[in-house]
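Below you'll find the structure, written out as structure tokens, and then a few comments.
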2 protein chains.
Amino acid sequence: MAKKPGAREDALPAIAEVFREYGYEGASLALIGARTGLGKGSLYHAFPGGKAEMAEAVLDAIGAWFEDKVYAPLRDDPDPRAAIRLMLSETDAYFRSGRRICLVGAFALTEGRDGFADRIGGYFRDWREALAQALLRAGRPEAEAESLAEDTILAIQGGLVLARALDDPAVFGRMLGRLEERLVS
Amino acid sequence: MAKKPGAREDALPAIAEVFREYGYEGASLALIGARTGLGKGSLYHAFPGGKAEMAEAVLDAIGAWFEDKVYAPLRDDPDPRAAIRLMLSETDAYFRSGRRICLVGAFALTEGRDGFADRIGGYFRDWREALAQALLRAGRPEAEAESLAEDTILAIQGGLVLARALDDPAVFGRMLGRLEERLVS
DNA sequence: GATCGTCTGTACCGATCGGTACAAACAGCA
DNA sequence: TGCTGTTTGTACCGATCGGTACAGACGATC
């Protein structure tokens with residue numbers, strides 16, 4: 001007993017940041033060790049599966065955060081339009097107004113569908129479905145709700161790519177503004 | 001003299017494909033050698049700068065292709081709407097209807113702005129400006145042309161991310177359809 | 001056929017990769 | 001204070017990384 005209650009969870013944000021900055025391949029254990037302040041011993045004690053398990057844990061944590069803060073309100077909030085507005089503001093905050101990339105999107109583009117494909121797909125599928133449901137509840141016809149939801153998720157991802165590529169975070173904010181107009185007219 | 005006229009250019013598509021599949025870090029020289037059929041000797045003869053020069057050459061080739069097939073028509077075609085439709089069909093073909101990712105976008109997300117930042121930024125900047133000009137020539141007000149152009153580039157990138165993440169290329173086709181409606185109503 | 005510069009396969013370099021082994025340090029409990 | 005199990009730093013492993021050196025094969029020119 002007396003397990004390590006925090007150790008793992010405490011290290012996750014730092015590990016996530018390393019993956020974000022260097023990608024899965026580029027994130028070396030030396031780098032992760034330095035940024036978490038943990039030696040290899042501690043790292044492998046907390047994540048016996050090594051780098052792959054760290055990545056899985058990070059993806060799970062991200063998924064859980066979005067489920068809690070974004071997807072659940074989209075599905076359950078009695079006021080779907082408020083939930084959509086909340087989604088936009090939480091998204092803006094999470095991605096630091098375009099200064100931070102989406103790790104899940106980056107993994108989708110670069111990782112050769114290792115063990116991560118399920119988690120990556122699930123993250124976007126859940127988001128799309130929750131948003132489509134909110135739009136439906138807000139009175140949109142089903143077909144329109146679904147294509148609008150897909151367009152939204154994809155615009156957010158594209159906005160992050162473009163903001164990063166142009167080194168201009170403002171791209172992300174402009175995109176969110178246009179989205180708000182289309183979503184909650 | 002009697003330079004190597006083809007060697008370099010011949011190898012570029014194969015090298016690009018390796019970068020696309022494995023990312024910059026993940027693309028090892030062993031892998032590149034195997035896929036091009038070239039030994040290290042030949043590889044370093046054609047690209048004295050090593051992996052970095054290969055990546056630069058690949059990015060340059062991609063940029064030149066888009067300049068020729070997409071940006072120039074957007075700027076110069078007397079019929080801007082036809083140029084926009086051409087852009088959509090060339091884009092669909094280039095990205096194999098969502099089965100192929102954008103190397104420039106992938107580099108933007110993962111590479112730590114090495115020497116590639118200029119090329120990456122230029123690719124998207126040129127695209128956005130050429131499209132905005134075509135929309136302007138097609139009769140749109142300037143502000144609308146610019147935000148629509150930005151939305152379009154970003155949607156294409158996001159469409160590639162989402163298609164890959166969901167392992168469903170059809171996402172890309174649906175997005176292009178919606179874009180066509182918004183661009184050439 | 002001899003010559004000369006261009007190509008290319010192979011061996012090799014030090015550095016670093018992800019991962020393992022293990023002993024010392026440390027806690028909690030008596 | 002002794003014991004017990006967890007947590008840690010360190011040394012080490014084989015493999016592979018990007019890159020270099022170089023000798024021999026090649027192809028053109030006379």
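All chains are named by letter (A, B, ...) in the order of the sequence lines, taking the proteins before the strands, and each is independently numbered beginning at 1.
The side chain to side chain contact (heavy atoms under 4.5 Å, CB included) search around A:Asp92 returns A:Ser97, A:Phe172, A:Leu176, not counting sequence neighbours. Shown here are the side chain to side chain contact (heavy atoms under 4.5 Å, CB included) partners of A:Ala134, two or more places apart in sequence or in another chain: A:Leu74, A:Pro80, A:Ile84. With sequence neighbours left out, A:Tyr44 forms a ring pair (Phe, Tyr, Trp, His ring centres under 6.0 Å) with no residue at all. For A:Asp77, the side chain to side chain contact (heavy atoms under 4.5 Å, CB included) partners are A:Asp79, A:Ala83, not counting sequence neighbours. Applying the salt bridge (Lys or Arg N to Asp or Glu O under 4.0 Å) test to B:Arg119 and every residue at least two apart in sequence or in another chain returns B:Glu56, B:Asp60.
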Across nucleotides 15-23 of chain D, 5' to 3', mark each nucleotide with B, S or - according to how protein heavy atoms within less than 4.0 Å reach it. --SBBB---

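As a whole-Å value, the separation of A:Leu38 CG from C:dA25 P is 19 Å.
Between B:His45 and the phosphate of C:dT8, there is no side-chain N or O to OP1/OP2 separation shorter than 4.0 Å.
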